[in-house]
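Notes follow the structure.
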Amino acid sequence: MKHPVTRFSLFLILTVLTAACTEPSSDIAVAVNESRILAAEDDTANWLSHGRTYAEQRYVPLSNINPGNIDRLGLAWHFDFPTRRGIESTPLIIDGVMFVTSSWSMVFALDARTGRQIWSYDPQVPRIWAKNACCDAVNRGVAAWGDKVFVGTLDGYLVALERSTGAVVWRVNTIDREQPYTITGAPRVIKGKVIIGNGGAEFGVRGYVSAFDAETGEQVWRFYTVPGNPDDGFENEAMAEAAETWSGEWWKLGGGGTVWDSMAYDPDADLLYIGVGNGSPWNRNIRSPGGGDNLFVSSIVALRPDSGDYVWHYQTTPGDSWDYTATQSIILADLVIDGETRKILMQAPKNGFFYVLDRLTGEFISAEKFAAVNWASHIDKATGRPVEVDNADYNKGPRLAWPAPFGAHNWHPMSYNPNTGLVYVPAQEVPWLYANDEEFGFIKGQWNTGTDALLGDLPTDPLQIAQLSANMRGFLLAWDPVEQKEVWRYQHAGAWNGGTLSTSGNLVFQGNVIGELVAYSADKGERLWSFTTQTGITAGPVSFELNGEQYVSVAVGWGTLLGILGGPTVAPLQMQNRSRVLTFRRDGEHVLPPLPAKVVHQEPEVTGPPGSEALIRSGHAVYVERCLSCHGFSAVSGGLVPDLRLSNAAVHEQWDAIVLEGQRRPLGMPAFAGILSAEDSQAVRMYVIDRARALAESPRTPFTGM
Ligand code: CA
């Protein structure tokens with residue numbers, strides 16, 4: 001025991017040396033350059049960019065795994081992330097190495113054959129930044145170019161890492177640090193420029209997308225998606241024209257239009273397509289009281305990737321008032337329509353219509369409903385505009401509408417299989433009660449929807465919740481984009497299922513909300529194979545080939561929007577977060593460690609006498625406005641953040657210190673002093689105690705299905 005430190009150091013040195021000597025591929029960083037990425041379609045050994053190719057079809061021409069041998073598909077390896085929040089990442093595969101992100105924007109380089117970690121990078125995102133994220137501390141992946149990989153961090157930095165070591169090459173701030181921006185999307189790289197947007201439209205920001213030089217991190221251009229204050233002058237002609245479609249003083253409310261996920265690129269046309277999100281706040285009568293389309297919210301915009309110059313736009317939801325973003329997957333394909341081969345772009349945005357556009361001009365070709373929609377009757381073919389129905393206008397009174405802000409399809413990637421000609425959409429039907437917020441007051445950095453959140457909260461009666469949960473439907477939809485019609489669907493147990501991958505082996509892979517990765521036949525939708533993943537899946541799977549063997553990988557981990565918000569609609573699933581990558585191949589025999597036993601029913605401590613009914617009601621109103629987005633509907637946790645109903649006496653004693661003064665800031669709980677009064681804070685406490693009492697008195701009904 002004389003030299004424990006020395007012996008430990010020696011051990012470390014040996015470990016590092018051994019690792020260095022046995023590194024097969026990480027120090028051979030063959031550049032990901034333009035010619036390589038343009039040839040990605042046939043390069044089955046790699047998955048070089050977010051949607052596999054610039055067309056973002058998420059289709060792999062590999063058929064080693066097919067319906068004839070799918071029963072041999074088994075787990076090859078798993079890798080545990082050190083995080084416990086939702087996972088939305090699409091891995092990249094480059095020369096035998098997987099690059100995948102976890103929550104809190106961490107990056108991992110893994111040996112794609114074995115799952116062995118080569119390096120990891122933790123940007124040390126302050127946990128408090130999660131208050132600026134609508135939908136969990138998620139990240140959807142990295143981009144690669146040259147000898148680097150790039151990640152956008154939740155707190156707004158873009159970081160270039162050396163691909164072989166994970167060392168930081170450069171790190172640039174992409175936001176005004178006083179504004180509640182977040183980055184959750186994967187960057188894309190075009191001709192040496194790293195393109196990245198951001199989120200925050202619920203919190204009062206102005207959206208934009210920027211390009212940075214891949215070598216130096218220098219900003220090359222920035223394109224704003226909504227106009228700023230006209231008195232400051234417009235950045236370009238597109239903004240001046242967009243301002244004609246706004247009224248009032250929208251810039252004081254941010255305007256929104258964030259570019260938080262989808263992009264695609266057509267190298268022949270040299271057009272970058274970006275998906276633009278909802279307006280800020282949601283309610284258009286507050287955002288732009290004189291009306292107008294509010295360009296470019298809820299639009300697809302085509303830009304020149306070298307300059308960020310505007311080329312064309314198509315707005316899916318003019319004057320959006322429902323959080324109907326157009327940030328969902330953009331897929332490029334060449335389709336024969338009316339006997340003519342057209343270069344088209346497809347999107348199934350939140351608003352429930354499946355769009356086919358001419359991607360050279362933005363011309364509307366067709367659109368049909370792919371899920372329950374009752375805000376518009378159809379898209380007018382002559383104008384390309386939706387025809388709104390009376391149910392759209394919730395300023396005339398509360399309106400029960402489909403789709404919900406969750407979308408008929410959200411960010412979960414869809415895929416296109418050129419063999420079947422079908423698009424595989426993770427679709428869903430969730431209702432939402434929209435109502436005008438009569439007492440709206442804008443607070444930057446807080447949820448600003450302009451809708452009455454109290455009306456949108458869930459009932460507390462278990463029977464009503466069960467009925468509502470039964471109405472939250474999710475399904476895998478195979479859609480014919482030429483005929484604009486459904487070909488088949490597979491009904492899921494609930495909403496919020498995973499992204500899709502299609503292969504030339506006539507397969508579609510998709511994870512689901514109850515923790516299974518499933519393979520379906522691409523032509524008919526027959527369920528052929530499944531694997532129990534122990535945790536919910538929202539991310540899209542990938543596939544690649546190494547040494548003649550086809551692999552399928554998916555990043556899994558319960559959480560993301562529904563895990564945070566879903567409350568009583570998802571709590572019965574008792575879904576635990578196991579943040580992992582799972583990789584499969586034929587005859588894989590790896591086994592996951594057993595899952596710890598589920599907690600069947602936790603007993604709350606009822607820590608005080610009930611408050612008056614009026615106090616509980618006012619606490620509920622404050623709760624839905626300021627607390628619900630993290631702590632869940634009806635103060636029921638979906639499993640990621642503490643269930644407030646289980647707060648013990650010590651928490652209740654420290655209540656104001658936690659809620660108002662920020663005692664738990666390092667854990668991500670913001671200080672609400674200046675936003676909530678001491679009376680508000682205590683009213684919320686009374687509401688939480690009331691909810692704890694209801695839990696204590698509730699019958700112990702075992703969960704039987706969602
Ligand atoms: Ca939104």
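Indexing begins at 1, ligand by ligand and atom by atom, following the structure's order.
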Parallel, tilted or perpendicular: which describes the rings of Tyr324 and Trp322, with under 30° parallel and over 60° perpendicular?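 It falls in the parallel class, under 30°.
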Please tell me whether Glu368 and Trp479 have a donor and an acceptor in their side chains that are separated by less than 3.5 angstrom.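 Side chains of Glu368 and Trp479: no pair found under 3.5 Å.
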Is the ring centre of Tyr424 less than 6.0 Å from the ring centre of Tyr416?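 Not close enough - the centres of the two rings lie 6.0 Å or further apart.
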Measure from the ring center of Tyr208 to the ring center of Tyr181 and say whether it is less than 6.0 Å.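 When the ring centroids of Tyr208 and Tyr181 are compared, they turn out to be within the sub-6.0 Å range.
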Give the atom name of whichever N/O/S atom in Glu202 sits closest to the Ca ion (ligand 1).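 Answer by atom name: OE2.
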So which N/O/S atom does Asp323 have closest to the Ca ion (ligand 1)?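 Answer by atom name: OD1.
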Under 3.0 Å from the Ca ion (ligand 1), is there an N/O/S atom belonging to Thr325?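 Given the 3.0 Å cut-off, Thr325 does not count as a ligand of the Ca ion (ligand 1).
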